[in-house]
Amino acid sequence: MAVSCCSSTIDFDSIPLTALNFTVRKKLALYLNPKHVSAADWTALAEAMGFEYLEIKNYEQYPNPTKMILENWQGTSTQATVGKLLEMLTAVERVDVITDLQGLIEEDCRKYLKKKQLQEQPVQVPEVDSCVPKTLEMNGITIDDDPSGHMPELFDAFICYCHRDIDFVHEMIRQLEQTECKLKLCVFDRDVLPGTCVWSITSELIEKRCKRMVVIISDDYLDSDACDFQTKFALSLCPGARSKRLIPVKYKPMKKKFPSILRFLTLCDYTNPCTTSWFWGRLAKALSLP
């Protein structure tokens with residue numbers, strides 16, 4: 001999509017809404033949250049996104065309704081792209097918002113594209129001898145990987161976790177790999193070889209090597225930049241959770257608020273004593289799906 005207000009040649013329709021960071025979303029809220037007599041507010045944008053009247057009325061109870069509709073739209077719609085957002089802002093006659101935020105939006109989109117392109121770049125190693133074959137960065141990235149790249153190691157699920165939750169990761173390995181479930185989990189600290197680019201390897205594993213991603217939610221998860229990147233990248237691959245790619249898991253009580261970006265997904269809750277006995281069976285079944 002070509003947006004007349006933006007001079008860049010970026011294809012905004014190809015960029016998921018998750019590319020927009022906190023700063024852009026905060027400024028959007030500053031423009032759209034207040035009620036205006038002569039300008040469209042967040043409710044007009046919510047209608048353009050397809051939210052129904054009762055849903056919009058429900059969002060009014062939140063202190064930042066713009067933030068809520070952006071997060072829920074990106075989680076449930078296959079059309080949640082930066083280009084579609086700009087198109088809707090234009091349709092509700094808020095071109096002033098696009099004009100003022102143009103630089104920040106383009107910067108976020110360039111950062112997203114740069115991260116995505118990293119996974120396609122080979123390792124730049126000076127060629128010493130023409131007889132020595134070049135090794136691509138995506139070949140031989142895990143313990144049991146084929147260095148030639150002909151038989152890449154595949155997994156049932158990528159485990160997204162922060163290091164303070166490693167004890168639960170070990171329990172997950174015992175319950176899902178070392179039982180009759182016989183699932184194959186990708187645990188970064190165990191399976192990925194050192195000396196590789198973290199972001200490009202993570203993207204490769206999530207998108208091409210793992211059928212699902214288990215997100216271990218905790219207070220520490222919310223403070224992890226790596227977990228934030230992994231979650232948003234996986235969401236960008238499956239808007240609306242069409243392929244059931246993401247499975248959020250909560251294994252201990254939290255003091256902080258559950259991440260709203262994952263609220264639309266069915267939670268696997270280990271903290272509920274009424275369903276604990278079913279926890280591992282449900283999780284194993286979800287990860288065993290084709």
Side-chain angles (χ1 to χ4, degrees), residues 16 18 75 116 119 138 140-146 151-193 196 198-218 220-222 224-252 258-259 261-272 275-290:
T18 51
K116 191 171 183 181
Q119 62 181 300
M138 297 307 140
I141 61 176
T142 61
I143 291 289
D144 294 327
D145 223 348
D146 175 12
M151 294 287 290
E153 186 177 12
L154 303 178
F155 301 87
D156 291 301
F158 181 92
I159 310 301
C160 173
Y161 65 96
C162 69
H163 288 102
R164 291 191 177 181
D165 296 323
I166 192 65
D167 287 343
F168 186 73
V169 175
H170 282 287
E171 179 63 19
M172 186 172 288
I173 291 171
R174 285 191 290 271
Q175 295 288 342
L176 300 178
E177 286 191 338
Q178 300 172 4
T179 62
E180 64 275 6
C181 298
K182 304 229 178 274
L183 292 168
K184 189 171 184 179
L185 309 180
C186 181
V187 179
F188 198 93
D189 293 294
R190 179 192 67 174
D191 298 311
V192 177
L193 296 176
T196 52
V198 172
W199 303 115
S200 58
I201 297 304
T202 300
S203 301
E204 164 79 7
L205 290 168
I206 293 173
E207 182 175 11
K208 299 179 181 179
R209 306 285 195 93
C210 300
K211 293 192 299 181
R212 303 279 187 274
M213 186 168 95
V214 176
V215 185
I216 300 178
I217 310 296
S218 67
D220 296 306
Y221 160 89
L222 297 173
S224 169
D225 291 336
C227 290
D228 182 66
F229 169 77
Q230 293 166 12
T231 302
K232 289 181 177 177
F233 180 78
L235 279 172
S236 73
L237 299 175
C238 59
R242 296 193 311 275
S243 63
K244 301 185 180 68
R245 180 178 285 272
L246 261 76
I247 302 174
V249 167
K250 179 182 175 185
Y251 80 98
K252 63 181 179 181
F258 191 86
I261 196 173
L262 297 175
R263 190 176 55 241
F264 70 95
L265 293 172
T266 303
L267 176 68
C268 208
D269 191 354
Y270 194 67
T271 66
N272 186 346
T275 60
T276 301
S277 60
W278 304 328
F279 176 86
W280 294 112
R282 290 179 66 225
L283 183 56
K285 181 65 176 179
L287 296 181
S288 300
L289 294 174

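Keep in mind the model is a prediction, meaning the values are calculated, not measured.
For Asp269, the side chain to side chain donor-acceptor pair (under 3.5 Å) partners are Thr271, not counting sequence neighbours.
Residues Phe158 and Val214 fail the side-chain proximity criterion, which asks for heavy atoms closer than 4.5 Å. Side-chain contact check for Arg282 versus Thr275: every heavy-atom pair is 4.5 Å or farther apart. With contacts defined as side-chain heavy-atom distances shorter than 4.5 Å, the pair Arg174/Trp280 does not qualify. Residues Val215 and Cys227 have side chains not in contact (no heavy-atom distance under 4.5 Å, counting atoms from C-beta outward). By the 4.5 Å heavy-atom criterion applied to side chains, Ile143 and Leu193 are counted as neighbours. Two residues are said to be in side-chain contact when any heavy atoms from C-beta on lie closer than 4.5 Å; Ile217 and Pro259 meet this criterion.
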What side-chain donor-acceptor pairs closer than 3.5 Å can you find for residues 179-191, not counting sequence neighbours?
from   : atom 1 : to     : atom 2 : distance (Å)
Thr179 : OG1    : Gln175 : O      : 2.6
Thr179 : OG1    : Cys181 : N      : 3.3
Lys184 : NZ     : Glu153 : OE2    : 3.0
Asp189 : OD1    : His163 : NE2    : 3.4
Asp189 : OD2    : Tyr161 : OH     : 2.5
Asp189 : OD2    : His163 : NE2    : 3.1
Arg190 : NH1    : Glu177 : OE1    : 2.8
Arg190 : NH2    : Glu177 : OE2    : 3.0
Arg190 : NH2    : Leu185 : O      : 2.9
Asp191 : OD2    : Val187 : N      : 2.8

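With a 6.0 Å radius and a threshold of 12 heavy atoms from other residues, nucleotides or ligands, Lys252 has its NZ atom above the threshold.
A pairwise comparison of heavy atoms in Tyr221 and Cys160 identifies CE1-SG, 4.0 Å as the closest pair. In plain terms, the two heavy atoms of Asp145 and Pro152 that are nearest each other are OD1-CA, 3.1 Å. Taking every heavy atom of both residues into account, Ala234 and Arg245 meet most closely at O-CD, 4.0 Å.
Atom-to-atom distance recorded for Arg164:CZ and Ile216:CD1 is 15.5 Å, nearest 0.5 angstrom. Taking CD1 of Ile206 as the reference point, atom CD1 of Ile201 lies at 11.5 Å (rounded to 0.5 Å). Here Met213 contributes atom CE and Phe233 contributes atom CZ; the two are 10.0 Å apart, rounded to the nearest 0.5 Å. Atom CD1 in Ile159 sits 9.0 Å away from atom CD1 in Ile247 (nearest 0.5 Å). Atoms CZ and CG, from Arg212 and Leu287 in turn, are 7.5 Å apart once rounded to the nearest 0.5 Å. In this structure, CD1 in Ile141 is found 4.0 Å from CZ in Arg209, a value given to the nearest 0.5 Å.
The aromatic rings of Tyr251 and Phe168 lie parallel to each other, with less than 30° between the two planes, well short of the 60° mark.
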